[in-house]
Participant: 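This is the structure I want to talk about, given as structure tokens.
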There are 2 protein chains.
Amino acid sequence: MSRPSAAIRLADAAFALFDERGYEQTTVDDIAERAGLGRTTFFRHYRSKEAVIFPDHDRLLELIRDRLATSSHSTALVAVSDAVRLVLLHYIDEGELARRRYALTSKVATLRDREIASVARYQRLFREFIADWMGDPTEAASLRAELMAASVAAAHNHVLRRWLRGESADPVAEVDEAMREVLRLFPTPDARSGEDQQGSTVVAFRTGQDLDALLPALRRLVEDGQRPL
Amino acid sequence: MSRPSAAIRLADAAFALFDERGYEQTTVDDIAERAGLGRTTFFRHYRSKEAVIFPDHDRLLELIRDRLATSSHSTALVAVSDAVRLVLLHYIDEGELARRRYALTSKVATLRDREIASVARYQRLFREFIADWMGDPTEAASLRAELMAASVAAAHNHVLRRWLRGESADPVAEVDEAMREVLRLFPTPDARSGEDQQGSTVVAFRTGQDLDALLPALRRLVEDGQRPL
DNA sequence: TCATCAACGGTACTGAGTACCGTCTCAAAG
DNA sequence: CTTTGAGACGGTACTCAGTACCGTTGATGA
């Protein structure tokens, strides 16, 4: 039974020292010394002092990219909603480690900014995927892709942070519910594209007027196929 | 007619050198020397090398905060949509400077991350404002606030980036249109709260069925005031 | 036994950011 | 006119992150 690997010892030492003295008060020298390793070895395993806390964002990003590339969902938004679950599951899999990281990022501005930048990369990936999938270079479509990507990311982060704070017992169920909420925000426009569509778009209304008084207008709507507003 | 202030000379020197050699290839010493000032003076005016590019995010954030605090709009989302225009107008007011900054942030990862972190602070402000305004501690409301804030920020960034890239002739009109799109995503639930409401919510629908066949269901809707879905 | 290769340690360097101190100028107060 | 105090600036010296380079060790296999 050999000692834990250098990378693990360094990470353990780093978290321990961050807890004891705080992030800024801990130098890379301190971490290496605590781990019984040299400073050079630290940077061989982690690109930066921050990276010891965020180990595998790159790997996870690739995982998401692959998932999206091989996904076969009915809409881009569903595909992205599905892919983002991987991120949540990854954090949950980390368990206590993720919570310790959250405690740090909550206090240290530098780390918080780094975390936010990582999230932005996911969001960008989502946006590009959705835009490609729609294949519509319109300005409106572009904005829509941006809004969708932002909503998925926001919903995910919302659930993730709740779980990190210990406010969520079943984050997987919550993220599914949150994604349904996002899907409700963006009713699928597919059904409107053709002329001979089968689907029906249902709209509820309430008014002070008697229903019969509205019938002429309703009849015109149905006959002309015009959409008000 | 005196020389321009130290802060301005430093910023000019910084942008010039960033253009000539690139951001990483320029040291603070270089900037100070070009400006005919000492290194210490640079850090007296700008907290960091990055800060010389992003001068007044803090001030702008306060401006937004004030605007929100004194706003009297019908809904939180409208108030935020209004406030975010200030950000856009600020960038437009900067003109060419904003575009030079964009050129830099597009190339240098460090600067891009910093810019993203700034945007996140606006988004956080929006989220907190909306959550406070709603005064509903429910999980669903919290998620909704998060989605709203993210959507407003995303819509704003979309228009801003288009303008920065020179793709938008009238960014103010575009941001107004984008905000209308965001408002459409979140239909106001205000009208549903009371019993004796006056307003009418209109919904259009289309179906293969004959209108008369739907009448019974419609009558029930109107009478019971129930909401389908 | 020898060659190879990977992991590690050490030294020295660059550059950002901080602390501290000294200088100069200008303006108000004496 | 002199003094005092404040503000802007310059310089030196320091800490620490991150990089480059080189030398050492140790295991493995031909």
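So you know, we letter chains A, B, ... as the sequences are listed, proteins then strands, and number each from 1. Below, each value reflects all heavy atoms present in this structure, side chains not excepted, and no hydrogens, waters or symmetry copies.
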Participant: Starting at the 5' end of DNA chain D and moving along, which residue's nearest nucleotide shows up first, Ala7(B) or Phe42(A)?
Facilitator: Ala7(B)
Participant: OP1 or OP2 of dA7(C) less than 4.0 angstrom from a side-chain nitrogen or oxygen of His45(A), does that happen here?
Facilitator: no
Participant: So, applying side-chain contact (heavy atoms from CB on, under 4.5 Å) with Leu17(B), which one of Glu33(B), Arg34(B), Gln25(B) is it?
Facilitator: Arg34(B)
Participant: What is the distance, rounded to the nearest whole Å, between atom CG of Asp29(B) and atom P of dG10(D)?
Facilitator: 12 Å
Participant: Is there a side-chain contact between Thr27(A) and the phosphate of dC16(D), meaning an N or O under 4.0 Å from OP1 or OP2?
Facilitator: no
Participant: Rounded to whole angstroms, how far apart are CG on Asp30(A) and C1' on dT15(D)?
Facilitator: 12 Å
Participant: May I ask you to check whether over 12 heavy atoms, not counting those of Arg47(A), lie within 6.0 Å of atom CZ?
Facilitator: no
Participant: Hey, which of these two, Phe43(B) or Thr40(B), hits DNA chain C nearer its 5' end, going by closest nucleotide?
Facilitator: Phe43(B)
Participant: Can you confirm whether the side chains of Asp30(B) and Thr27(B) place a donor and an acceptor under 3.5 Å from each other?
Facilitator: yes
Participant: Could you check which of dG17(C), dG18(D), dC9(D) has an atom nearest any side-chain atom of Lys49(B)?
Facilitator: dG17(C)
Participant: Does Thr41(B) or Thr26(A) map to a spot on DNA chain D nearer the 5' end, using the closest nucleotide for each?
Facilitator: Thr41(B)
Participant: Measure the distance from CZ on Arg39(B) to P on dA13(D) and round it to the nearest whole Å.
Facilitator: 14 Å
Participant: Measure from CD1 on Ile31(A) to C1' on dA17(D) and round the result to the nearest Å.
Facilitator: 11 Å
Participant: Specify the separation, in whole Å, of atom CG of Leu111(A) and atom P of dA17(D).
Facilitator: 12 Å
Participant: Any chance CZ of Arg124(B) has more than 12 other-residue heavy atoms, nucleotides or ligands included, within less than 6.0 Å?
Facilitator: no
Participant: Starting at atom CD of Glu24(B), determine the distance to atom C1' of dA16(C), rounded to an integer number of angstrom.
Facilitator: 13 Å
Participant: Tell me: CG of Leu37(B) to C1' of dG11(D), nearest whole Å?
Facilitator: 14 Å
Participant: Starting at CZ of Arg44(B) and ending at C1' of dC24(C), how long is that distance when rounded to a whole Å?
Facilitator: 13 Å
Participant: Tell me if a side-chain donor or acceptor on Tyr91(B) pairs with a main-chain N or O of Arg161(B) at a distance below 3.5 Å.
Facilitator: no
Participant: Please work out if Thr110(A) contacts a base, only the sugar-phosphate, or nothing of the nucleic acid, heavy-atom cut-off 4.0 Å.
Facilitator: nothing
